[in-house]
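Notes for the one structure printed next.
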Amino acid sequence: MSNAEHIAKDRAPGGVRSPSRLRQLAAASIGNAVEWYDWYAYSFLAVYFAEQVFPKGAGNSLVPLLSTFAVFAVGFFMRPVGGLLMGAIADRRGRRTALTLTILLMGGGSLLVALTPTYATTGVLAPFVLVLARLVQGLSVGGEFAASTTFLVESAGPGRRGLFSSFQYVSTTAGQLLASGTAALLAALLTEQQMGQWGWRVAFLIGALLSLLGLWIRRGAQETLPQALDSVRAGETPNEERAADRPGLFEALRRHPRQSLLICGITAGGTIAYYTWTTYLPTYAQVNAGFDKGEALTVGTLSLVFFALLQPLGGLLSDRIGRKPLLLGFSLGFAVLAVPLLHLVTDTFVSLLLVQCAGMVLLTGYTSIAAAVNAEVFPARVRAAGIGFPYSLTVALFGGTAPYVGTWFKQAGHADLFPWYVAGLCLVSCLVYLTLPETSRLELEK
């Protein structure tokens, strides 16, 4: 077959090149991993730079850490704005445009964190710069989930939406692994003093550079939004479409209020369990059980590898038996086991590793299919914004605040209440899952 025949074969009827599913998967996944490396580096390194940016309270060593996690939560509260704005861009201009913007914003935010001055040298300017950086990153990551979720699921072949969906958290976990591994390596190579003075900045500089790599990789992605593809086939660009044909900023909320609330219920239990087990648990072990900082990072890295390997298996299983059995297994499992699992955390390496891995087995019932479940709720016209805003709002309320709430419970002398808080939210989501229709066999709404 000649080269011209190969090109013709690889083109859709309207003259638009038909995307390779593997290429689409790589563009979304690699870029997403870079994006989440930048986001998670903050939580893994917070224990090192907290006292550099925030002053200690009188006689209370937890004040800098609490302040740092408060900024972590502030970043989450920009995520609904990012989910709405970037989701609207993805629905109006195309998924690829939104994915390009999100990774540029994340790289800029990471560079700003790396250059944050210390409180000793600039006073209140230091926390101001850190807050600004996290606001930019929050805007980016809120839009990233909206755009990459829709892009991944729309790129999937028949009967493979669950599998493609799982790569949302495979790549997210890869970003966490890279952040955790980088933090662990720096902690091993540098002294505690060096890590606190300048070592933590290296990780954020790496993140800014990796964002450029992610941007380059995403240039090869093909658009999946039907309206944008129709414009290209007609010889136009999405920018030339009539404004009246594009969805409004709040169209998803206005026309699909029930679906928007459904996304909140689907997400509440998943986000608190996810951020507790993948982000906060090492700090929880340090604060509540006196676990060593370096060993906590090592346990986190090992358990994340295990978690990443589980995701495609969960996605494939959902394509075979449906989404609801996995969602119910996750939510009921955490409602019953969250309290005893967190109470099993001690200062031993094996206890933390077993607790973290056990939780991740249960968590896979949610994370491996969250993108597919969310995407199957909305039509393509408003899918990105429809998912992005309610999802990010729920994550901000319950996921982003998990480290702060857990640390606050400890400071208030009620550390035992945090596991019950996690279990309660998972039970709420379980009730929502019981009402969901099974969508794994249905066509994705155009």
Self-check item: Side-chain touch Leu190/Trp198, heavy atoms, less than 4.5 angstrom
Solution: yes
Quiz item: How close do Ser368 and Gln311 get, heavy atom to heavy atom, and via which atoms?
Solution: N-OE1, 3.2 Å
Quiz item: Picking from Tyr421, Tyr366, Trp277, what satisfies ring-ring contact (aromatic ring centres under 6.0 Å, His included) with Phe334?
Solution: Trp277
Quiz item: Rounded to the nearest 0.5 Å, how far apart are CG of Leu342 and CG of Leu337?
Solution: 10.5 Å
Quiz item: Can you check whether Ile321 reaches Leu326 side chain to side chain, under 4.5 Å on heavy atoms?
Solution: yes
Self-check item: Short side-chain to backbone donor-acceptor contact, Trp216 and Leu212, under 3.5 Å
Solution: no
Exercise. Give the minimum heavy-atom separation between Phe330 and Cys426, together with the two atoms involved.
Key: CZ-SG, 4.2 Å
Quiz item: CZ of Phe145 to CZ of Arg79: how many Å apart, nearest 0.5 Å?
Solution: 8.5 Å
Exercise. List the atom of Ser318, the atom of Gly162, and the distance in Å for their closest heavy-atom pair.
Key: OG-CA, 3.7 Å
Quiz item: Does the side chain of Met86 reach to within under 4.5 Å of the side chain of Leu105, using non-hydrogen atoms?
Solution: yes
Practice problem: Give a yes or no on whether the backbone of Asp347 and the side-chain of Ser351 come within a donor-acceptor separation of less than 3.5 Å. | Solution: no
Quiz item: Where the side chain of Thr267 meets the backbone of Cys264, is there a donor-acceptor pair that is under 3.5 Å apart?
Solution: no
Practice problem: Go through Tyr169 and Thr364 one step at a time and tell me if the side-chain contact (heavy atoms from CB on, under 4.5 Å) criterion holds. | Solution: CA-CA 9 Å; Tyr169 278 92; Thr364 296; over 6 Å; no
Exercise. Taking the side chain as every heavy atom from C-beta outward, state whether Cys430 and Leu328 have any atom pair closer than 4.5 Å.
Key: yes
Quiz item: So do the side chains of Ile387 and Val377 get within less than 4.5 Å of each other, counting heavy atoms only?
Solution: no
Mind listing the side-chain donor-acceptor pairs of residues 433-442 below 3.5 Å, one per line with the distance, residues two or more places apart or on another chain?
unit_1, atom_1, unit_2, atom_2, d
Tyr433, OH, Ile266, O, 2.7
Thr435, OG1, Val432, O, 2.7
Glu438, OE1, Arg323, N, 3.0
Glu438, OE1, Lys324, N, 3.2
Glu438, OE2, Arg323, N, 2.9
Glu438, OE2, Ser440, N, 3.2
Glu438, OE2, Ser440, OG, 3.1
Thr439, OG1, Glu376, OE1, 2.4
Arg441, NH1, Asp319, O, 2.8
Arg441, NH2, Arg320, O, 2.5

Quiz item: Donor-acceptor pair, Thr118 side chain versus Val53 backbone, under 3.5 Å?
Solution: no
Quiz item: Considering only heavy atoms from C-beta outward, does the side chain of Leu281 approach that of Leu352 to under 4.5 Å?
Solution: yes
Quiz prompt | Residues Asn374, Thr149; criterion side chain to side chain donor-acceptor pair (under 3.5 Å); working and verdict | solution = CA-CA 8 Å; Asn374 289 337; Thr149 290; 5.9 Å; no
Quiz item: Closest approach of Phe204 and Ala114, non-hydrogen atoms and distance?
Solution: CB-CB, 3.6 Å
Self-check item: Expected output: side-chain Gln176 to main-chain Thr278 donor-acceptor under 3.5 Å
Solution: yes
Quiz prompt | Salt bridge present between Glu144 and Arg218 (N-O < 4.0 angstrom) | solution = yes
Quiz prompt | Straight-line distance of Leu210 CG to Asp38 CG, nearest 0.5 Å | solution = 7.0 Å
Quiz item: Would you find a donor on one side and an acceptor on the other, under 3.5 Å apart, between the side chain of Thr271 and the backbone of Ala268?
Solution: no
Practice problem: Determine the interplanar angle of the Phe418 and Tyr284 rings, folded into 0 to 90°, and report it as parallel if under 30°, tilted if 30 to 60°, perpendicular if over 60°. | Solution: tilted
Quiz item: Nearest heavy-atom pair of Gln52 and Gln197: which atoms, and what distance?
Solution: OE1-O, 4.1 Å
Practice problem: Check step by step if side-chain contact (heavy atoms from CB on, under 4.5 Å) holds for Phe409 and Trp420. | Solution: CA-CA 11 Å; Phe409 273 131; Trp420 289 101; over 6 Å; no
Practice problem: With side-chain contact (heavy atoms from CB on, under 4.5 Å) as the test, would you mind laying out the steps for Val141 and Thr102 before giving the verdict? | Solution: CA-CA 7 Å; Val141 83; Thr102 58; over 6 Å; no
Practice problem: Look at the side chain of Arg383 and the backbone N and O of Phe378, then say whether any donor-acceptor pair between them is shorter than 3.5 Å. | Solution: yes
Quiz item: Hey, does Val170 have a side-chain heavy atom less than 4.5 Å from the side chain of Pro312?
Solution: yes
Quiz item: Between the main-chain N or O of Val136 and the side-chain N or O of Ser140, is there a donor-acceptor pair closer than 3.5 Å?
Solution: no
Self-check item: Flag side-chain contact, heavy atom, 4.5 Å: Leu163 against Ser166
Solution: yes
Self-check item: From Tyr48, Trp36, Phe49, Tyr37, residue fulfilling ring-ring contact (aromatic ring centres under 6.0 Å, His included) relative to Tyr42
Solution: Phe49
Quiz prompt | Value rounded to 0.5 Å, distance of OG in Ser331 from CG in Leu425 | solution = 12.0 Å
Quiz item: Rounded to the nearest 0.5 Å, how far apart are OG of Ser171 and CG of Leu177?
Solution: 11.5 Å
Practice problem: Please test Phe349 against Val299 for side-chain contact (heavy atoms from CB on, under 4.5 Å), starting from the C-alpha separation and ending with a verdict. | Solution: CA-CA 7 Å; Phe349 187 94; Val299 170; 3.5 Å; yes
Quiz prompt | Leu111 CG to Met106 CE distance, which is reported to the nearest 0.5 Å | solution = 13.5 Å
Exercise. Check Phe291 against Thr346 and note the closest heavy-atom contact, atom names and distance.
Key: CD1-O, 3.4 Å
